[in-house]
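A note on names: the letters A, B, ... follow the listed sequences, proteins ahead of strands, and every chain is numbered from 1.
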Number of protein chains: 2
Amino acid sequence: MKLQLAIDLLNKEEAVKLAQEVEDFVDIVEIGTPIVINEGLPSVKLMRESLNNAQVLADLKIMDAAGYEVSQAVDFGADIVTILGVAEDSSIKSAIEEAHKNGKELLVDMIAVQNLEKRAIELDEMGADYIAVHTGYDLQAEGQSPLESLRTVKSVIKNSKVAVAGGIKPETIKSVADENPDLIIVGGGIANAENPREAAKYCRDVIDGK
Amino acid sequence: MKLQLAIDLLNKEEAVKLAQEVEDFVDIVEIGTPIVINEGLPSVKLMRESLNNAQVLADLKIMDAAGYEVSQAVDFGADIVTILGVAEDSSIKSAIEEAHKNGKELLVDMIAVQNLEKRAIELDEMGADYIAVHTGYDLQAEGQSPLESLRTVKSVIKNSKVAVAGGIKPETIKSVADENPDLIIVGGGIANAENPREAAKYCRDVIDGK
């Protein structure tokens, strides 16, 4: 089981500082969509150049011109790039193709997908590396959580790895880890903790079953 | 009927140069998603500061954290911001609220929406300023066009304005203008023309019925 830190609400220099602080305990550092929108792909490049072993995920939430967008993200150093599960099949396929051509991975974000089971089966067949169930900020505000969606997706996929995101914190990560996803994504639960390094270590320990 | 130039595949300085060249003939200049991803919102700011009368649209294709993203785009000078029609209702509503609070407009991009008629009715009721039918790059490559979708949306909305995008060129704009949308979005048809100013003037003349 891998742990990903999602960084959404900082500038790229602060994001690097946070990532370096917790790198010992996380497998993947995500440059979140808000940072990409605010500062562009140079934020991904800076993160890649600033980390040692952790992978860098660029949360582009691609919707169109998918092959091009993946190639750009890869050029700027991304190891994993995200596309939306609601995107057209042709976009998903060209994104997967472009990522794999470069030895990189594609994560499909299932946010706002209406028929999770059907779409997960399709994405699994298309060759998505990760399928991520994701309760976004705007639905977290309505009290929703991604656990049931995680079970649904996990029960139907054969080759893809399953990731889970949406409001997961040190206090709640045990219940998520118990479902045995391949990747758990934690954002504010680490980034906004009083001691982010401690919060990341705690999440790591839970994931490692300590 | 308004005319929008969508600029996708340049850097922000080249985008400004192109926009200034054609500003006499267009109502709205769009900073396309690829520019936002590559360079971030400073590209929107530079465009806003470089134009006189044309509005600036930031094609963020928002999917989550919608109120925050709209406020960021507005801070950087956007007059119109885009959100995806496939986004959750809670995201669309907070985006509309944030845009209107600032006296700005929201355009909902219908790319990959499966039930256009149903979604258009919902978005119209939520108060979307523009509903944009949009055949993306990846489906244009499969030979699709947005004209039929335009008719579908136009037939059901009451208050929203309707926009149309996707591979429209000087050679084809007459057939689009004949459908009488509120906004026609042209990208490569102007940007990649041998003489972009002439192409923009031609599009303007068609729209004005000259």
Side-chain angles (χ1 to χ4, degrees), chain A residues 8-9 11-12 32-45 58-73 75-76 81-95 109 111-115 134-142 144 165-166 187, chain B residues 8-9 11-12 32-45 58-73 75-76 81-95 109 111-115 134-142 144 165-166 187:
Chain A
D8 275 343
L9 300 174
N11 63 39
K12 61 179 180 295
T33 312
I35 300 182
V36 175
I37 289 178
N38 286 356
E39 308 197 60
L41 286 173
S43 57
V44 173
K45 186 159 187 267
D59 189 18
L60 265 51
K61 291 191 174 68
I62 293 171
M63 191 63 181
D64 191 27
Y68 171 77
E69 294 297 5
V70 170
S71 74
Q72 287 292 105
D75 280 354
F76 279 82
V81 186
T82 72
I83 190 167
L84 289 168
V86 291
E88 302 283 2
D89 287 359
S90 56
S91 303
I92 308 255
K93 284 174 191 167
S94 64
D109 184 335
I111 187 168
V113 167
Q114 298 304 313
N115 189 332
H134 180 196
T135 305
Y137 284 111
D138 295 336
L139 283 191
Q140 284 174 47
E142 295 181 1
Q144 297 202 24
Chain B
D8 275 344
L9 299 174
N11 64 39
K12 60 179 182 293
T33 312
I35 300 181
V36 175
I37 289 179
N38 286 356
E39 308 198 57
L41 287 173
S43 58
V44 173
K45 185 159 187 267
D59 189 19
L60 265 50
K61 291 192 174 67
I62 293 170
M63 191 64 182
D64 191 27
Y68 171 77
E69 294 297 6
V70 170
S71 74
Q72 287 292 104
D75 280 353
F76 278 81
V81 185
T82 72
I83 190 167
L84 289 168
V86 290
E88 303 283 2
D89 288 359
S90 57
S91 303
I92 308 253
K93 285 176 191 165
S94 64
D109 184 334
I111 188 169
V113 167
Q114 297 304 313
N115 188 332
H134 178 196
T135 305
Y137 284 110
D138 296 335
L139 283 192
Q140 285 172 45
E142 296 181 359
Q144 298 201 24

Under 4.5 Å from a heavy atom of chain B, the part of [X] involved:
X	value
A:Leu84	side chain
A:Leu9	side chain
A:Glu142	side chain
A:Glu69	side chain

Take A:Asp64 and B:Ile111 through the test side chain to side chain contact (heavy atoms under 4.5 Å, CB included) and record every step on the way to the result.
CA-CA 9 Å; A:Asp64 191 27; B:Ile111 188 169; 3.8 Å; yes
Tell me the closest heavy-atom pair linking B:Ala112 and A:Met63, and the distance in Å.
CB-CE, 3.4 Å
Portion of B:Glu39 that has a non-hydrogen atom of chain A nearer than 4.5 angstrom:
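Just the backbone, heavy atoms under 4.5 Å.
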Tell me whether B:Lys12 at atom NZ has more than 12 heavy atoms from other residues, nucleotides or ligands lying less than 6.0 Å away.
yes
Looking only at heavy atoms and a cut-off of under 4.5 Å, which of [options] has the most pairs with chain A?
options	value
B:Asn38, B:Ile35, B:Asp8	B:Asn38
B:Val86, B:Ile37, B:Val113	B:Ile37
B:Ser90, B:Ala73, B:Pro42, B:Gly136	B:Ser90

Quick one: list whatever passes side-chain hydrogen bond (donor to acceptor under 3.5 Å, both in side chains) with A:Ser91, sequence neighbours left out.
B:Asp138
Kindly write out the residues that satisfy side-chain hydrogen bond (donor to acceptor under 3.5 Å, both in side chains) with A:Lys93, not counting sequence neighbours, or none if the list is empty.
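With neighbours one apart ignored, the set is empty.
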